[in-house]
Amino acid sequence: MATETIQKTSWADDVDNELEHSKVEDFVDENGIRTIIEYKTNEDGKKIKVTRKIKRTLRKSLVNHSVAERKTWAKFGGEKGNAPGPDRSTTTVGEEVFLKLSVGNKSAEPEKTEEQVMKANLAKAGKVTCRLCKGDHFTAKCPYKDSLAGLDELAAPADDTLAPLDGPMPGIGATAGGKYVPPSMRAGAGRGAGESMYRSGNRDDLPTLRVTNVSEDTTDNDLRDLFGTFGRVARVYIGRDRETGIGKGYAFVSFEDRAVAQKAMDKVHGMGYDNLILNCQWSQPREQR
DNA sequence: TATGAGCGG
């Protein structure tokens, strides 16, 4: 069976062929009327002439003077000798189009979040206000943080979607104003069974080892692998130079369980690792220094 | 070289 050997390599070939068969005249007369005359060959191989006349007015304010002047410059190089200005048969002169781009089909002007408003207000006032007690310190530094933080949670407006019912849901435990409160956050919640192993979430509460004599190219994952053999590793931090990112030779490894940390320290202290001998000690919480 | 980063300053 004979096979057609003519191959199209690109859709652009079609365009090129079309261009070969078409000639364009394009000029603007003294009355400002632009005439475009195209000579084409149609599918039947017949030559046709297409004439278009366009009258258009330009607002002066849209003309960029340096660009306008550039259109009068004499051409050089391959274009030498041709009339100044863009050749309309090869160059499309577009109108100015202003695009307003946005992401996700949303408005390009994002509405301000509560946080941003607060930031703006702070910048205006130039002053720090505690969200809990309204004192002139950071919320994180509030002396009443422990006692007020929980209350703040409970008093927060019911903006969550987890409590569609008006009243407290039966069997869902202590609530205030219909808002769901996780067991660990309920009043009187102790450190009993089911309590989060992450304690209060403060990293300084975690049993942490300071590991020194760590080689420069040791990564977080390396240490996770190493210490993970003794139990669950909560966090790894490698001391690095702020600019270069090169390790400064020490690291912090936090565990969830103190006994695991103790065992890891016993095993890893003095251990050879990457041509160095690791040193393991209990870390001092940052606040104490 | 040797006890973390950064928060709303």
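This is a predicted model, so every value here is computed, not measured. Numbered from 1 within each chain, the chains take letters A, B, ... in sequence-line order.
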Send over the distance from [X] [atom1] to [N] [atom2], rounded to a whole Å.
X	N	atom1	atom2	answer
Glu216(A)	dA2(B)	CD	P	14 Å
Asn213(A)	dT3(B)	CG	P	13 Å
Tyr250(A)	dG4(B)	OH	P	5 Å
Arg235(A)	dT3(B)	CZ	C1'	12 Å
Asn279(A)	dA2(B)	CG	P	13 Å
His137(A)	dG9(B)	NE2	C1'	15 Å
Ile246(A)	dA2(B)	CD1	C1'	15 Å
Glu243(A)	dT1(B)	CD	P	19 Å

Residues of residues 264-277 of chain A with any non-hydrogen atom less than 4.0 angstrom from an atom of DNA chain B: list those, numerically ordered, please.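 The answer is none.
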
May I ask you to decide if the ring planes of Phe252(A) and Tyr237(A) are parallel, tilted or perpendicular, using 30° and 60° as cut-offs? tilted

Mind checking if Gly249(A) touches a base, just sugar-phosphate, or nothing, with heavy atoms under 4.0 Å?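 Counting heavy atoms under 4.0 Å across all strands, the contact made by Gly249(A) includes a base.
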
Over all strands shown, is Asp241(A) touching base, sugar-phosphate only, or nothing at heavy-atom distances under 4.0 angstrom? nothing

Return yes if some donor-acceptor pair links the side-chain N/O of [X] with the main-chain N/O of [Y] below 3.5 Å, else return no.
X	Y	answer
Lys71(A)	Pro84(A)	no
Arg240(A)	Gly245(A)	yes
Lys80(A)	Ala74(A)	no
Asp241(A)	Glu243(A)	yes

In terms of heavy-atom contacts, Leu276(A) and Val214(A) come closest through CD1-C, 4.0 Å

Show the nearest heavy-atom pair for residues Val233(A) and Phe255(A), with the distance to one decimal.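 Minimum heavy-atom contact is CG2-CE2, 4.0 Å.
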
Check whether any side-chain N or O of Arg242(A) sits under 4.0 Å from OP1 or OP2 of dT1(B), and answer yes or no. no

Starting from the 5' end of DNA chain B, give me the residue, Phe138(A) or Arg240(A), whose nearest nucleotide shows up first.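 Going by which nucleotide is closer to the 5' end, it is Arg240(A).
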
